[in-house]
Amino acid sequence: MPNRDYVGRFAPSPSGPLHFGSLVCALASFLDAKRNGGVWRVRIEDIDPPREDPKHSATILAQLVNHGLQWDGEVVYQSQFLKDYQRVLDRLQTRQLTYACQCNRKRITQLGGVYDGHCDALDLADADRAIRLRVRQAIAPCTITIDDQVMGHHYQDLLREVGDFVLRRRDGLYSYQLASVIDDHRQGITHIVRGSDLLSSTPRHRYLQQCLGYSAPDYAHLPLAVDLHGNKLSKQNHAAPLNHAAPSKTLWQALAWLQQDPPKALLGAPVEAVIAWATAHWSLGRVPNVPQQPSPTDT
Ligand code: GLU
Ligand code: ZN
């Protein structure tokens, strides 16, 4: 049933151009929004300058347009909202839900991914230190189940599996967790479709939403796109760039990957025709929940 209140989004970081795996995420979130009569926003998550380059933002937007994925409204850049992130952080600090942490990288690594709360009792000043959010049952539920539309129930005990997590890094940069939760709320996002590499972050988002009194969007996490050896396609392991000259073929391949069963006759059709077919036939229920390799288009 069309949901006129649907607001979806695609939120790439400009750490490199889109590759097949990130294009699949963009396409799926676009189609889910459009099939539901909703709007689709694009937000550039450019708050980690050491890992990013503004030139990639322009490339990503051009790639979206090239593949017929036209967003609604203005593109939002997170770097323009740093004051908002600080304001929310101040609110959490005033409520004494955060503390400064001076642990070095070596110690954090030794802890193996679950912070032990060591600095909580030290009452350190904030300057030049990471700021962590307290994960306590007394603040908000710490055992969290996400009812994911693709992955099903995803359970995490934040206390045991994550611990108090970073909202602002020692270098002053705001964490992905903080910024994305604030922006999804400010932009009125109701549905999030993204890669399953972020599923393990989602319980932290849910916890933060509860601390801040935000409502929770619906989630759908797509399986990873992997190569023939089962390795994740990513910017880090140099996934092949998208072919700018053959967007229609890539879209067809992405639809096959998403198990939408595109007809052979659509292969090589104009981009607009592929998007129109895909929007009319989109079914989130068909999206697989295990890692997928890109399927060949020429068999
Ligand atoms: N900016 C994140 C990334 O590119 C995705 C954020 C999100 O979809 O929540 O990996
Ligand atoms: Zn610490």
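By convention here, the first residue in the shown sequence is residue 1. Values in this document were obtained by computation on a predicted structure and should not be read as measured data. In listed order, ligands and their atoms are each counted from 1.
Contacts between Phe10 and ligand 1 below 4.0 angstrom, taking non-hydrogen atoms only, are absent altogether. Contacts of Ser180 with ligand 1, taken as heavy-atom pairs under 4.0 Å, are absent altogether.
Taking every heavy atom of Arg194 and a limit of under 4.0 angstrom, the matching atoms of ligand 1 come to 7 (C), 8 (O), 9 (O). Annotation for ligand 1: atoms under 4.0 Å from non-hydrogen atoms of Leu198 are 5 (C), 6 (C), 7 (C), 8 (O). Remark: ligand 1 atoms within the under-4.0 Å shell around heavy atoms of Glu45 are 1 (N), 2 (C), 5 (C), 6 (C). Proximity to Arg9 (heavy-atom distance under 4.0 Å) selects the following atoms of ligand 1: 7 (C), 8 (O), 9 (O).
Annotation: cation-pi pair Arg132/Tyr115 present, NZ/CZ under 6.0 Å from the ring centroid and within 45° of its normal. Within the cation-pi definition used here (under 6.0 Å to the ring centroid, within 45° of the axis), Arg134 does not qualify as a partner of Tyr99.
Any N or O atom pair closer than 3.5 Å counts here, and Ala11 shares at least one such pair with ligand 1.
Geometry about the Zn ion (ligand 2) gives an angle of 100° between SG of Cys103 and OH of Tyr115, rounded in steps of 10 degrees.
Contact check on Arg169 versus Asp48 returns a salt bridge, with a Lys/Arg side-chain nitrogen under 4.0 Å from an Asp/Glu carboxylate oxygen.
The main-chain N or O of Gln260 is found under 3.5 Å from a side-chain atom of Arg286 such that the two form a donor-acceptor pair. Of the possible polar contacts, none joining the Gln156 side chain to the Thr143 backbone as a donor-acceptor pair under 3.5 Å is found. In terms of modelled atom types and a separation under 3.5 Å, the side chain of Gln292 and the main chain of Val290 share a donor-acceptor contact.
Within the 2.8 Å limit, Cys101 places at least one N, O or S atom next to the Zn ion (ligand 2).
For Gln177 and His205, the side-chain atoms include at least one donor-acceptor pair closer than 3.5 Å.
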